[in-house]
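In what follows, a single structure is set out as structure tokens and then discussed.
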Amino acid sequence: MASERYDVVVIGAGPAGYIAAIRAAQLGMKVACAEKWTNPKGELALGGTCLNVGCIPSKALLASSEKYEEAAHHLGDHGIEVSGAKIDLAKMLARKDGIVTKMTKGIEFLFRKNKITWLKGHARFTGEHDGLVGIEVKTADGVSLVDAKHVIIATGSKARHLPGLPVDNEIVCDNEGALALSSVPKKLAVIGAGVIGLELGSVWRRLGAEVTVLEALPGFLAACDESVSKEAWKVFTKQGLKIHLGVKIGAVKTSKKGVSIAWTDAQGAAQVLDADRLIVSVGRVPNTEGLNLEAINLAADERGFIPVDGHCATKVPNVYAVGDVVRGPMLAHKGEDEGVMVAELIAGQKPHIDYNTIPWVIYTSPEIAWVGQTEQQLKAEGRAYKAGQFPFMANGRALGMNAAEGFVKVLADAVTDEVLGVHIVGHGASDLISEAAVAMEFKASSEDIARVCHPHPSMSEVMREAALAVDKRALNM
Ligand code: FAD
Ligand code: NAI
């Protein structure tokens with residue numbers, strides 16, 4: 001069978017892979033992208049975890065549930081009385097599904113526009129010959145063989161499950177089921193107080209579920225700056241999320257009606273949690289199954305990741321790996337930037353990623369966002385730093401919007417004043433953090449941020465005030 005030859009073959013069309021494919025095509029290369037994702041309608045779909053069962057549907061449900069909570073409980077603060085706010089869950093889920101379809105079809109359009117061939121099926125390596133990498137794609141019509149001068153592995157990740165606790169996505173759910181519960185459970189249990197546990201736990205709490213989160217670690221949101229995790233703990237528990245830290249999960253019994261989870265609390269006392277549904281959100285594992293990496297003399301490491309250098313090159317010449325399948329944070333924008341970097345490297349350019357300036361966001365309410373180092377990391381490094389913090393409570397726009405919880409904290413080098421980290425807990429933190437990322441990319445000082453004119457009234461003034469506070473000269477406090 002004759003093989004079609006490409007300059008670049010990308011395996012996986014999540015945010016890392018589809019962006020790599022588009023950038024490579026923009027740079028004039030002949031590109032194909034293999035993708036096997038099948039959606040619940042049985043159709044093949046582009047977009048990976050992010051568009052189908054991750055970032056996009058979760059943010060749609062976060063937005064809908066936030067609107068419901070506001071209508072049902074908070075519009076009274078504005079002098080607007082609403083009675084009888086009701087949830088039409090089927091409509092809410094259909095809206096989310098509609099957004100997913102729009103976005104995934106949008107990538108099909110982008111593939112056509114950029115003349116990228118979609119190889120519809122599961123790709124595996126067959127070997128190397130004449131300086132080319134051989135790949136076989138199992139499609140509905142049989143097997144396609146392609147030869148690639150360069151390969152970008154972007155196979156992403158899947159939910160980690162707990163041993164002995166099968167996920168049926170009805171009663172026991174991972175992210176896929178948790179985004180599509182057919183009814184609002186009366187009692188919802190969540191194992192893992194990480195990003196998914198908090199975001200999706202918030203969705204179902206807002207819609208009326210009594211949510212209990214069981215977390216193994218003794219600390220809450222350990223990756224965040226401590227002042228942010230303390231504030232978040234205060235706000236989330238006040239909102240009604242029950243969170244238990246330092247727990248050990250024991251036997252979980254499931255039935256058609258629900259789950260019964262035996263667990264041990266931080267003091268060592270035996271406890272039982274009964275719930276209608278359970279979300280297991282204990283991290284994600286890289287996807288390398290069935291890739292036949294051995295055929296090109298490549299192997300995943302002991303945790304399942306494909307080993308790469310700082311430019312996402314594997315040890316096999318002309319084979320790269322990007323996104324969740326390699327080290328670093330499992331974030332869509334991190335994968336996208338790696339995809340762009342690798343496409344540009346292949347084209348002979350000299351791109352670079354500063355992993356320290358990749359922002360993080362947790363889309364709870366209030367949102368949490370940060371970039372750079374935390375205060376505890378700077379202390380551990382023995383770096384001399386100054387900190388400036390300013391609350392949204394002292395900002396007119398925040399008060400006007402009834403969004404006065406939280407603060408911005410800027411950390412800067414004690415000698416040079418270079419911004420080393422920015423931490424936000426507050427409404428719109430996901431957008432506010434970009435200013436900090438830009439500042440850090442340009443090696444700005446806190447004084448640089450403080451000297452820039454910010455619009456009034458706006459939440460962004462709090463960023464400026466926090467930067468001024470580094471030098472103990474906040475103006476409105
Ligand atoms: P993926 O998106 O996992 O895509 C990999 C693709 O490769 C899949 O489509 C898969 O079908 C395909 N594939 C795998 N193996 C093969 C093969 N052999 N042949 C053909 N195709 C193959 N990140 C954020 O930055 N912001 C968020 O708000 C956010 N929210 C999230 C919410 C949830 C509920 C979840 C689960 C994740 C969220 N993430 C978020 C993380 C984000 O989704 C991932 O970091 C991102 O999708 C990783 O992109 P990727 O391209 O590396 O992999
Ligand atoms: P996570 O790594 O964020 O959190 C998992 C939590 O589960 C941790 O706190 C861990 O200590 C806990 N845990 C692990 N094993 C446990 C056990 N046996 N019992 C109790 N607790 C246990 O992983 P999560 O929430 O599954 O999300 C996966 C990844 O997806 C995230 O790390 C993130 O990279 C990405 N994501 C990003 C989002 C964003 O950017 N807003 C949103 C959702 C997911």
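In each ligand, atom 1 is the first atom listed, and ligand 1 is the first ligand listed.
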Proximity to ligand 1 by part of K59, non-hydrogen separation under 4.0 Å:
side chain

Ignoring angles and geometry beyond distance, decide whether D324 reaches within less than 3.5 Å of ligand 1 through its nitrogen or oxygen atoms.
yes

Please confirm whether the backbone N or O of W37 pairs with a side-chain atom of E35, one donor and one acceptor, at under 3.5 Å?
yes

Who are the ring pair (Phe, Tyr, Trp, His ring centres under 6.0 Å) partners of W360, not counting sequence neighbours?
W370

Nearest protein heavy-atom contact for atom 18 (N) of ligand 1: which residue, which atom, what distance?
A123 O, 3.0 Å

When rounded to the nearest 0.5 Å, the distance separating OG1 of T364 from CG of L62 is 8.5 Å

For G121, take its heavy atoms, then give the atoms of ligand 1 lying under 4.0 Å from any of them.
19 (N), 20 (C)

Any Lys/Arg nitrogen of K149 or D7 sitting under 4.0 Å from an Asp/Glu carboxylate oxygen of the other?
yes

Give the ring-plane orientation class for H150 versus Y320, where under 30° counts as parallel, over 60° as perpendicular and anything between as tilted.
tilted

What protein heavy atom sits nearest atom 42 (C) of ligand 1, and how far off is it?
C55 SG, 3.8 Å

N292 and T126, any side-chain heavy atoms less than 4.5 Å apart:
no

Please tabulate, for side-chain N and O atoms in residues 103-116, each donor-acceptor pair with protein atoms closer than 3.5 Å (sequence neighbours left out).
from: T104; atom 1: OG1; to: V100; atom 2: O; distance (Å): 3.0
from: T104; atom 1: OG1; to: T101; atom 2: O; distance (Å): 3.2
from: N114; atom 1: ND2; to: L110; atom 2: O; distance (Å): 2.9

Between G12, G328, G290, which one has a non-hydrogen atom sitting closest to atom 7 (O) of ligand 1?
G12

Proximity to ligand 1 by part of S157, non-hydrogen separation under 4.0 Å
backbone

Atom 13 (N) of ligand 1: the protein heavy-atom neighbour that sits closest, reported with distance to 0.1 Å
K36 CE, 4.0 Å

Closest protein heavy atom to atom 25 (O) of ligand 1, given as residue, atom name and distance to 0.1 Å
A332 N, 2.9 Å

Can you report which non-hydrogen protein atom sits closest to atom 4 (O) of ligand 1, along with the distance?
G14 CA, 3.4 Å

Examine T49 against ligand 1 and note whether any of their N/O atoms are separated by less than 3.5 Å.
yes

If you count the atoms of ligand 1 from 1 in the order shown, which ones are under 4.0 Å from a heavy atom of N175?
34 (C), 36 (C)

Taking heavy atoms and a distance under 4.0 Å, where does R284 meet ligand 1: side chain, backbone, both or neither?
side chain

Mind listing the side-chain donor-acceptor pairs of residues 44-55 below 3.5 Å, one per line with the distance, residues two or more places apart or on another chain?
from: T49; atom 1: OG1; to: R284; atom 2: NH2; distance (Å): 3.4
from: N52; atom 1: ND2; to: L46; atom 2: O; distance (Å): 3.3
from: N52; atom 1: ND2; to: G48; atom 2: O; distance (Å): 2.9

Please write down residue, atom name and distance for the protein heavy atom closest to atom 10 (C) of ligand 1.
E35 OE2, 3.4 Å

Check A154 against ligand 1 and report side chain, backbone, both or neither, counting heavy atoms closer than 4.0 Å.
backbone

Using a strict 4.0 Å cut-off to heavy atoms of G323, name the atoms of ligand 1 that fall inside it.
52 (O)

When you compare the side chains of K96 and S64, does any donor N or O come within less than 3.5 Å of an acceptor on the partner?
no

Within 4.0 Å of some non-hydrogen atom of L331, the atoms of ligand 1 are 23 (N), 25 (O), 45 (O)

Any donor-acceptor pair under 3.5 Å linking the side chain of T212 with the backbone of I243?
no

Can you check whether V322 has an N/O within less than 3.5 Å of an N/O in ligand 1?
no

Atoms of ligand 1 close to L291 [distance to a heavy atom under 4.0 angstrom, numbered from 1]
18 (N)

Taking atom types as modelled, is there a side-chain donor on D265 or Q271 under 3.5 Å from an acceptor on the other?
yes

Short question: side chain of H161, backbone of D174 - any donor-acceptor pair under 3.5 Å?
no

Pairing of K230 and E226 as salt bridge, 4.0 angstrom limit:
no

Check: every ligand 2 N/O to protein N/O pair under 3.5 Å:
from: ligand 2; atom 1: 3 (O); to: V195; atom 2: N; distance (Å): 3.1
from: ligand 2; atom 1: 9 (O); to: E215; atom 2: OE1; distance (Å): 2.7
from: ligand 2; atom 1: 9 (O); to: E215; atom 2: OE2; distance (Å): 3.2
from: ligand 2; atom 1: 11 (O); to: E215; atom 2: OE2; distance (Å): 2.6
from: ligand 2; atom 1: 15 (N); to: R160; atom 2: NH2; distance (Å): 3.1
from: ligand 2; atom 1: 21 (N); to: A216; atom 2: N; distance (Å): 3.1
from: ligand 2; atom 1: 23 (O); to: G283; atom 2: N; distance (Å): 3.3
from: ligand 2; atom 1: 25 (O); to: V195; atom 2: N; distance (Å): 3.3
from: ligand 2; atom 1: 25 (O); to: I196; atom 2: N; distance (Å): 2.9
from: ligand 2; atom 1: 26 (O); to: G283; atom 2: N; distance (Å): 2.8
from: ligand 2; atom 1: 34 (O); to: M330; atom 2: O; distance (Å): 2.6
from: ligand 2; atom 1: 40 (O); to: V361; atom 2: O; distance (Å): 3.4
from: ligand 2; atom 1: 41 (N); to: E199; atom 2: OE2; distance (Å): 2.8
from: ligand 2; atom 1: 41 (N); to: V361; atom 2: O; distance (Å): 2.7

Atoms of ligand 1 close to C50 [distance to a heavy atom under 4.0 angstrom, numbered from 1]
2 (O), 43 (O), 47 (O)

Check whether any side-chain heavy atom of E176 sits under 4.5 Å from a side-chain heavy atom of P40, and report yes or no.
no

Identify the protein heavy atom lying closest to atom 33 (C) of ligand 1, giving its residue, its atom name and the separation to 0.1 Å.
G54 CA, 3.3 Å

So is S58 in contact with ligand 1, going by heavy-atom distances below 4.0 Å?
yes

Using a 4.0 Å heavy-atom cut-off, say whether I196 meets ligand 1 through its side chain, its backbone, both or neither.
side chain

Considering non-hydrogen atoms only, spot the tightest contact between V272 and W263 and give its length.
C-NE1, 3.9 Å

Does the side chain of D225 pick up a donor-acceptor pair with the side chain of S227 at under 3.5 Å?
yes

Are the side chains of I353 and E338 in touch, meaning some heavy atoms are under 4.5 Å apart?
yes

What closest approach, in Å, do P366 and V425 show between heavy atoms, and which atom pair accounts for it?
CG-CG2, 3.9 Å

Does ligand 1 come near enough to P15 that some N or O of the ligand is less than 3.5 Å from an N or O of the residue?
yes

Is there any N or O on V53 that sits under 3.5 Å from an N or O of ligand 1?
no

Among non-hydrogen protein atoms, atom 53 (O) of ligand 1 lies closest to G156 CA, 3.1 Å

Tell me, please: is P329 in heavy-atom contact with ligand 1, that is, under 4.0 Å?
no

Please check if any side-chain donor atom of T357 sits under 3.5 Å from a side-chain acceptor atom of E441, or the reverse.
yes

A34 neighbourhood, listing ligand 1 atoms whose heavy-atom distance to it stays under 4.0 Å
20 (C), 21 (N)

Less than 3.5 Å between some nitrogen or oxygen of L200 and one of ligand 1, yes or no?
no

Mind checking whether Y18 contacts ligand 1 via backbone (N, CA, C, O), side chain (CB onward), both or neither, at a 4.0 Å heavy-atom cut-off?
neither

Looking at K158, I'd like to know if its NZ atom is crowded, meaning that more than 12 non-hydrogen atoms belonging to other residues, nucleotides or ligands lie closer than 6.0 Å.
yes

I'd like to know whether CG of D301 has more than 12 heavy-atom contacts from other residues, nucleotides or ligands below 6.0 angstrom.
yes

Considering only NZ, NE, NH1 and NH2 on the basic side and carboxylate oxygens on the acidic side, decide whether E405 and K234 come within less than 4.0 Å.
no

Quick look: V195 vs ligand 1, heavy-atom contacts under 4.0 Å, and the answer is neither

Relative to the heavy atoms of Y363, which atoms of ligand 1 are at a distance of less than 4.0 Å?
28 (O)

